[in-house]
Amino acid sequence: MGGSMSADADLHSPVIDWFDENARDLPWRRPEAGPWGVMVSEFMLQQTPVSRVLPVYAGWMARWPSPAVLATDPPGEAVRVWGRLGYPRRALRLHAAATAIAQLHGGKVPSEHAELLALPGIGEYTAAAVASFAYGQRHAVMDTNVRRVFARAVSGIEYPPTATSAAERRIAQRLLPLDERTAARWAAATMELGALVCTARSPECVRCPISAQCAWRLAGSPAHEGPPRRGQSYAGTDRQVRGKLLAVLREASGAVSQAALDAVWQEPVQRARALDGLVADGLVEAVAGGVYRLPQ
DNA sequence: AATGCGTGGAT
DNA sequence: TATCCAAGCAT
């Protein structure tokens, strides 16, 4: 098995105390955000930086202060307000989740992990995050930040593996404080530490509250072994074409012509494939006669 | 298990 | 300029 219980416990207080002093004042952390605000923020933050989420979150919550209100608007409006956050299928899934909450949960964001997991767009991470941040429950919340912190502090490696491993889950469970309140604080604190200090590219170990106990640091900060984790290319892909097509639809007040969509990409085969994909995903509706619009 | 899915800032 | 990276999910 891994390290001793005392070594694990020595991490809790420094990290939580650091969080008490350094936590960002983010809108979804305020009491008025409520479970719905937490849930909206988690959808928006999937693969998207905080700085870009902030303005969209504000607009979203002002227009749709509850899942029931969102459910009364067409999904295309969610896609429109989503704007340029990226991965617009998230907007569709958030709308679908709001509809399910309105219909199946009396309009209240469920508090049980299994009920959250059953909602569209909510996977293991988001279910744990909402249950922990919104309801104060005890869950191992493993996002890219937490995984990196544990990889370094506990496993002594610079980056976690590409896919979450059983070993990582064991470590997260082992480190999770037994007390529910403390566990919820720990989850937020470890995530914030990864986001602000133990960052991917240039960690600021001098500001880290557990640098003296960090296995990676103690090993001399060895460089990442193995093949470079390939970043996704973007230019020229279907994703870029989909983005350009959807941008036209978002910015139009109503339906748009085939000609307007054709103008965004010269190559007709890829353009058609991208448009078909958007329709298949439910992000675009084909109206009669080569006219398209956001879904209603 | 490996892919596809947006976008823009930082280095 | 090219690459990396950002609170993942669904298939």
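Chain identifiers are assigned alphabetically (A, B, ...) following the order of the sequence lines, protein sequences preceding nucleic acid strands; residue numbering begins at 1 within each chain. This structure is a prediction, so every number in the text was calculated from the model and none was measured.
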Round to the nearest Å and state the distance from [X] atom [atom1] to [N] atom [atom2].
| X | N | atom1 | atom2 | result |
| --- | --- | --- | --- | --- |
| R93(A) | dC5(B) | CZ | P | 12 Å |
| R24(A) | dA6(C) | CZ | P | 12 Å |
| Q46(A) | dC9(C) | CD | P | 5 Å |
| R273(A) | dC5(B) | CZ | C1' | 14 Å |
| L94(A) | dC9(C) | CG | P | 13 Å |
| L278(A) | dC5(B) | CG | P | 9 Å |
| L45(A) | dG8(C) | CG | C1' | 11 Å |
| R90(A) | dG4(B) | CZ | P | 19 Å |

Mind listing the residues from [range] sitting with a heavy atom below 4.0 Å of DNA chain C? Number order is fine.
| range | result |
| --- | --- |
| residues 15-23 of chain A | none |
| residues 137-153 of chain A | D143(A), T144(A), N145(A), R148(A) |
| residues 27-40 of chain A | W28(A), R29(A) |

If you measure from the [atom1] atom in [N] to the same atom in [M], how many Å do you get, rounded?
| N | M | atom1 | value |
| --- | --- | --- | --- |
| dA7(C) | dA2(B) | C1' | 23 Å |
| dC5(B) | dC5(C) | C1' | 16 Å |
| dC9(C) | dG8(B) | P | 23 Å |

Considering every strand and a 4.0 Å limit on heavy-atom distances, what is the contact class for [X]: base, sugar-phosphate, or nothing?
| X | result |
| --- | --- |
| F43(A) | nothing |
| I122(A) | sugar-phosphate |
| L26(A) | base |
| E124(A) | sugar-phosphate |
| T126(A) | sugar-phosphate |

Can you tell me which nucleotide in [options] comes closest to the side chain of [X]?
| X | options | value |
| --- | --- | --- |
| Y159(A) | dC5(B), dA7(C), dC5(C) | dC5(C) |
| R250(A) | dG8(C), dC5(B), dT7(B) | dT7(B) |
| V50(A) | dG6(B), dA7(C), dC5(B) | dA7(C) |
| R239(A) | dA6(C), dC5(B), dA7(C) | dC5(B) |

Return no unless some side-chain N or O of Q47(A) is found under 4.0 Å from OP1 or OP2 of dG8(C). yes
For a quick test of reading the model: is some side-chain N or O of Y87(A) closer than 4.0 Å to OP1 or OP2 of dC9(C)? no
Hydrophobic cluster membership, with links at side-chain heavy-atom distances under 4.5 Å among I/L/V/M/F/W/Y: are L54(A) and V40(A) in one? yes
According to salt bridge (charged side-chain N to carboxylate O under 4.0 Å, His left out), who are the partners of R169(A), at least two apart in sequence or on a separate chain? none
Residue pairs fulfilling salt bridge (Lys or Arg N to Asp or Glu O under 4.0 Å) with at least one residue in [range], sequence neighbours excluded:
| range | value |
| --- | --- |
| residues 126-149 of chain A | R147(A)-E168(A) |
| residues 194-206 of chain A | E204(A)-R207(A) |
| residues 256-271 of chain A | D262(A)-R271(A) |
| residues 91-119 of chain A | none |

Hits for side chain to side chain donor-acceptor pair (under 3.5 Å) against R84(A), two or more places apart or cross-chain, chain-then-number order -> none
Under a 3.5 Å cutoff, is there a donor and acceptor pairing between the side chains of Q46(A) and Y125(A)? no
Per nearest nucleotide of DNA chain B, the residue lying toward the 5' end, A163(A) or R242(A), is A163(A)
Write down the atom of A140(A), the atom of L176(A), and the distance for their closest heavy-atom approach. N-CD2, 3.7 Å
Compare every heavy atom of A187(A) with every heavy atom of S132(A), then report the nearest pair and how far apart it is. OG-CB, 3.8 Å
Hey, which sits more toward the 5' end of DNA chain C by its nearest nucleotide, M191(A) or G121(A)? M191(A)
Quick check: are there more than 12 heavy atoms from other residues, nucleotides or ligands sitting under 6.0 Å from CD of E21(A)? no
How would you list all residue pairs meeting side chain to side chain donor-acceptor pair (under 3.5 Å) that involve residues 47-56 of chain A, not counting sequence neighbours? T48(A)-R90(A)
If you restrict it to nitrogen or oxygen atoms, what contacts under 3.5 Å exist between nucleotides 8-11 of chain B and the protein, and what is each distance?
{"unit_1": "dG8(B)", "atom_1": "OP1", "unit_2": "R84(A)", "atom_2": "NE", "d": "2.5"}
{"unit_1": "dG8(B)", "atom_1": "OP2", "unit_2": "R84(A)", "atom_2": "NH2", "d": "3.2"}
{"unit_1": "dT11(B)", "atom_1": "O4'", "unit_2": "R201(A)", "atom_2": "NH1", "d": "3.3"}

Any sub-3.5 Å donor-acceptor pair from R152(A)'s side-chain atoms to E158(A)'s backbone N or O? yes
Checking the side chain of T237(A) only, and the main-chain atoms of Y234(A) only, is there a donor and an acceptor separated by less than 3.5 Å? yes
Would you call the rings of W28(A) and Y57(A) parallel, tilted or perpendicular, where under 30° means parallel and over 60° means perpendicular? perpendicular
Taking the hydrophobic residues Ile, Leu, Val, Met, Phe, Trp and Tyr, and joining any pair whose side-chain heavy atoms are under 4.5 Å apart, which ones share a cluster with Y292(A)? V79(A), L92(A), V241(A), L245(A), L246(A), V248(A), L249(A), V256(A), L261(A), V264(A), W265(A), L275(A), L278(A), V279(A), L283(A), V284(A), L294(A)
